[in-house]
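Keep in mind that what you see is a predicted model, and the values were worked out from it rather than measured. Values below: every heavy atom of this structure, side chains too, minus hydrogens, waters and symmetry copies.
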Amino acid sequence: ARAGAEASLPEDHPDRGSIESLLGSALVQTGRREEGVRLLRTSLAQLQNKPGPDAVETREARDRLRSALSGRVSGE
């Protein structure tokens, strides 16, 4: 999914940020916490810029990062 998004979506497209956030969460869940948190932070910054801080995608990414930082696992 990530390769397809990178090939077909502009860098600032919200779907791309959401995919990156989901991947970051998956990395954390599979024990690659440092890499996952880095990706979660990057995707959140992107989503805060576009579509914006109050968008659903951004709130979900923020929740994923918060869960990763607190040690909880978030599947969404």
Side-chain angles (χ1 to χ4, degrees):
R2 183 179 186 188
E6 288 176 348
S8 63
L9 296 173
E11 192 171 313
D12 65 343
H13 194 284
D15 286 349
R16 198 164 166 176
S18 292
I19 291 167
E20 296 284 318
S21 178
L22 288 166
L23 177 57
S25 182
L27 288 169
V28 169
Q29 291 175 27
T30 58
R32 294 168 62 182
R33 186 178 186 282
E34 186 176 319
E35 184 181 0
V37 167
R38 186 174 345 151
L39 194 54
L40 286 163
R41 289 181 194 276
T42 301
S43 63
L44 178 57
Q46 176 187 344
L47 290 165
Q48 285 178 330
N49 185 44
K50 183 177 182 181
D54 297 324
V56 170
E57 299 94 331
T58 308
R59 291 194 312 263
E60 289 173 346
R62 190 177 303 115
D63 288 344
R64 285 186 201 103
L65 176 58
R66 188 176 298 125
S67 291
L69 293 174
S70 71
R72 294 188 320 259
V73 175
S74 172
E76 242 184 49

Only counting residues at least two apart or in another chain, list the ones meeting side-chain contact (heavy atoms from CB on, under 4.5 Å) with [X].
X     : answer
Ala45 : none
Arg62 : Leu44, Gln48, Pro53, Thr58, Arg59, Arg66
Ser43 : Glu20, Ser21

Response to the item:
Hits for salt bridge (charged side-chain N to carboxylate O under 4.0 Å, His left out) against Arg32, two or more places apart or cross-chain, chain-then-number order -> Glu35
Worksheet item: For residues 46-57, which residue pairs qualify under salt bridge (Lys or Arg N to Asp or Glu O under 4.0 Å), counting only residues two or more places apart or in two chains?
Response: Asp12-Lys50
Worksheet item: Can you name the closest pair of heavy atoms from Ala68 and Leu40 and give their distance?
Response: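 Nearest heavy atoms, Ala68 then Leu40: CB-CD1, 3.6 Å.
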Worksheet item: How would you list, by chain and number, every residue that makes a side-chain hydrogen bond (donor to acceptor under 3.5 Å, both in side chains) with Arg41, sequence neighbours excluded?
Response: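 Arg41: no side-chain hydrogen bond (donor to acceptor under 3.5 Å, both in side chains) contacts found.
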Discussion item. Hydrophobic cluster membership, with links at side-chain heavy-atom distances under 4.5 Å among I/L/V/M/F/W/Y: are Leu47 and Val56 in one?
Written reply: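 They do not share one cluster, since no chain of ILVMFWY contacts under 4.5 Å joins Leu47 to Val56.
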Fill in: Verdict with supporting geometry, Ser25 and Gln29, side chain to side chain donor-acceptor pair (under 3.5 Å)
CA-CA 6 Å; Ser25 182; Gln29 291 175 27; 3.2 Å; yes
Worksheet entry | Flag side-chain contact, heavy atom, 4.5 Å: Leu22 against Glu60 |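 They are not in side-chain contact.
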